[in-house]
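So the structure is just underneath, and the comments pick up after that.
Naming: A, B, ... by sequence-line order, numbering from 1 per chain.
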There are 2 protein chains.
Amino acid sequence: MKRKCFGEDLCPVARSLEAVGDVWSVLIVREAFAGKRRFGEFERALGVAKNILTVRLRKLVAFGVLEQVPAADGPRHEYVLTERGRGLYLVLMALRQWGEDCGGESPYVLVDRRDGQPVKPLAFHAHDDRELGPDDMELVPAAEVKRR
Amino acid sequence: MKRKCFGEDLCPVARSLEAVGDVWSVLIVREAFAGKRRFGEFERALGVAKNILTVRLRKLVAFGVLEQVPAADGPRHEYVLTERGRGLYLVLMALRQWGEDCGGESPYVLVDRRDGQPVKPLAFHAHDDRELGPDDMELVPAAEVKRR
DNA sequence: CCGTATCCATTCCGATACTG
DNA sequence: CAGTATCGGAATGGATACGG
């Protein structure tokens, strides 16, 4: 994967993919949201090879998605999501929602902790709260918006 | 990437990644949303090798993200997003939003076509419309929710 | 327990040449 | 234009052995 193709691309999508554009990274973040913190936890949960896991964890730390914090118990450290990393929740849940909509079993439901009720499906809303589909929106240069 | 690791995984996130878990596929879908339809359009827009593009397009068609339709002009065909493929809009925009939040330039803004106003940032909402963060939600077995 | 280092097979990617 | 075929180099992945 050559950098020149999309690494220095201006598109934020491409920039995001630079950080989490491979399967293992996404799954590691998923496990991190599930509460996993230790090297071994990720290893067992994902069945990923140690060397690959090492590289991926380093990459995620380098991109500010995870950070290493000293473990309370031992001399080791743990990997926890940074604020930036926690921002990936929407990406993960968007992927999850799409995977569900594609059929197949969905044994889990995302619920509000406060009342246990399912949350509303992820969707875009206009400033007056109308729900918007892909065709109702467009990307325009920032300069154009400011003029309105 | 071995199938046994996450291919037959029950997690919808993993299932989604099976279809669009590589960078090229995501970027192809991005271009499809931007209106690209032809082989050559994707090729030039992304600078991807022909053979890679061929494989990716085939894969996206196989997963029902794209479909081939006969082109109006020539004997060729075009690749257009299916309904399922259009469902990836949220994933793409979640990635975009995250990429923007990570800093860097964001020359484009997502606006409502109807009034040109920026749309609200993507976020989860409870059934009473409270905005929910990652810690306000949890995934619970579907069976548990039905009981409430 | 948490990695690092090494080896090897497989895959991926880009470039090029070629076909209809 | 829209691929297919092929090739070499690079990266990835899994397994294993090793070290702190």
Side-chain angles (χ1 to χ4, degrees), chain A residues 1-9 14 17-32 35-63 66-80, chain B residues 1-9 14 17-32 35-63 66-80:
Chain A
M1 207 77 60
K2 278 298 184 41
R3 301 297 116 148
K4 66 174 163 61
C5 293
F6 47 86
E8 48 197 45
D9 196 328
L17 292 177
E18 194 78 7
V20 290
D22 66 283
V23 179
W24 287 130
S25 294
V26 177
L27 295 181
I28 287 170
V29 172
R30 183 192 71 182
E31 294 304 319
K36 305 287 198 309
R37 305 164 70 96
R38 307 292 284 255
F39 187 94
E41 288 183 302
F42 292 112
E43 186 188 5
R44 282 188 304 277
L46 299 175
V48 58
K50 287 168 181 285
N51 49 359
I52 302 296
L53 181 57
T54 298
V55 172
R56 289 299 185 278
L57 287 174
R58 244 204 283 278
K59 182 176 136 192
L60 289 171
V61 169
F63 276 98
L66 297 177
E67 63 181 342
Q68 293 181 317
V69 302
D73 57 333
R76 307 293 176 175
H77 49 265
E78 304 181 332
Y79 300 89
V80 302
Chain B
M1 208 75 62
K2 279 296 183 45
R3 300 298 113 146
K4 66 174 162 62
C5 295
F6 47 86
E8 49 198 43
D9 196 328
L17 292 176
E18 192 78 8
V20 290
D22 66 283
V23 179
W24 286 131
S25 294
V26 178
L27 294 181
I28 288 170
V29 172
R30 182 192 72 180
E31 294 304 320
K36 304 290 198 311
R37 305 163 70 95
R38 307 291 285 256
F39 187 95
E41 288 183 303
F42 292 111
E43 186 189 4
R44 281 188 306 276
L46 299 175
V48 58
K50 287 169 181 284
N51 49 0
I52 303 296
L53 181 56
T54 298
V55 172
R56 288 299 183 279
L57 287 174
R58 245 203 282 278
K59 182 176 136 192
L60 289 170
V61 169
F63 275 98
L66 297 176
E67 63 181 342
Q68 293 180 317
V69 301
D73 57 333
R76 307 293 178 176
H77 50 264
E78 302 182 333
Y79 300 89
V80 301

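- Nearest to the side-chain atoms of B:Arg38 among the listed nucleotides D:dA2, D:dA15, D:dT4 stands D:dA2.
- When the C1' atom of D:dT4 is taken as reference, atom CG of B:Leu57 falls 14 Å away, rounded to whole Å.
- Straight-line distance from the CD atom of A:Glu18 to the P atom of D:dA11: 13 Å, rounded to whole Å.
- Rounded to whole Å, the distance from CD1 on B:Ile52 to P on D:dA10 is 16 Å.
- The CD atom of A:Glu78 sits 9 Å away from the P atom of C:dC2 (whole-angstrom rounding).
- Side-chain contact of A:Gln68 with A:Tyr79: a donor-acceptor pair under 3.5 Å is present, judged by distance alone.
- Rounded to whole angstrom, the span from the CZ atom of B:Phe39 across to the P atom of D:dT4 amounts to 8 Å.
- Taking CZ of B:Arg56 as the start and CG of B:Leu27 as the end, the distance is 10.5 Å to the nearest 0.5 Å.
- Between B:Arg76 and C:dG20, a side-chain N or O to OP1/OP2 separation shorter than 4.0 Å is absent.
- For D:dC1, neither phosphate oxygen OP1 nor OP2 lies less than 4.0 angstrom from any side-chain nitrogen or oxygen of B:His77.
- Phosphate contact (OP1/OP2 of C:dT4, side-chain N/O of A:Arg58, threshold under 4.0 Å): present.
- Rounded to an integer number of Å, the gap from CG of B:Leu53 to P of D:dA5 is 16 Å.
- Across all strands, B:Asp22 comes closer than 4.0 Å to no nucleic acid atom at all (heavy-atom distances).
- As rounded to whole Å, 14 Å separates atom P of C:dC2 from atom NZ of A:Lys36.
- Nearest nucleotide to the B:Arg44 side chain, out of D:dG3, C:dA15, D:dC1: D:dC1.
- Taking the side chain of A:Lys50 as heavy atoms from C-beta on, and the options D:dA17, D:dG14, D:dC1, the nearest nucleotide is D:dA17.
- Look at A:Trp24 and you won't find any side-chain N or O under 4.0 angstrom from OP1 or OP2 of D:dA11.
- The side chain of A:Tyr79 lies closest to C:dG3, out of D:dG3, C:dC12, C:dG3.
- Between B:Phe42 atom CZ and D:dC1 atom C1' the separation is 15 Å, expressed in whole Å.
- Scanning all heavy atoms of the two residues, the minimum distance from A:Arg38 to A:Ala71 falls at NH1-CB, 4.0 Å.
- Contact check, B:Thr54 against D:dG3: no side-chain N or O comes under 4.0 Å of OP1 or OP2.
- Judged by distance alone with a 3.5 Å cut-off, a donor-acceptor contact links the side chain of A:Asn51 to the base of D:dG14.
- Between A:Arg37 and A:Glu78 there is a salt bridge, since at least one side-chain N of the basic residue sits less than 4.0 Å from a carboxylate O of the acidic one.
- Summarising the geometry of A:Ile28 relative to A:Phe42, their closest heavy-atom pair is O-CE2, 3.5 Å, with the distance given to 0.1 Å.
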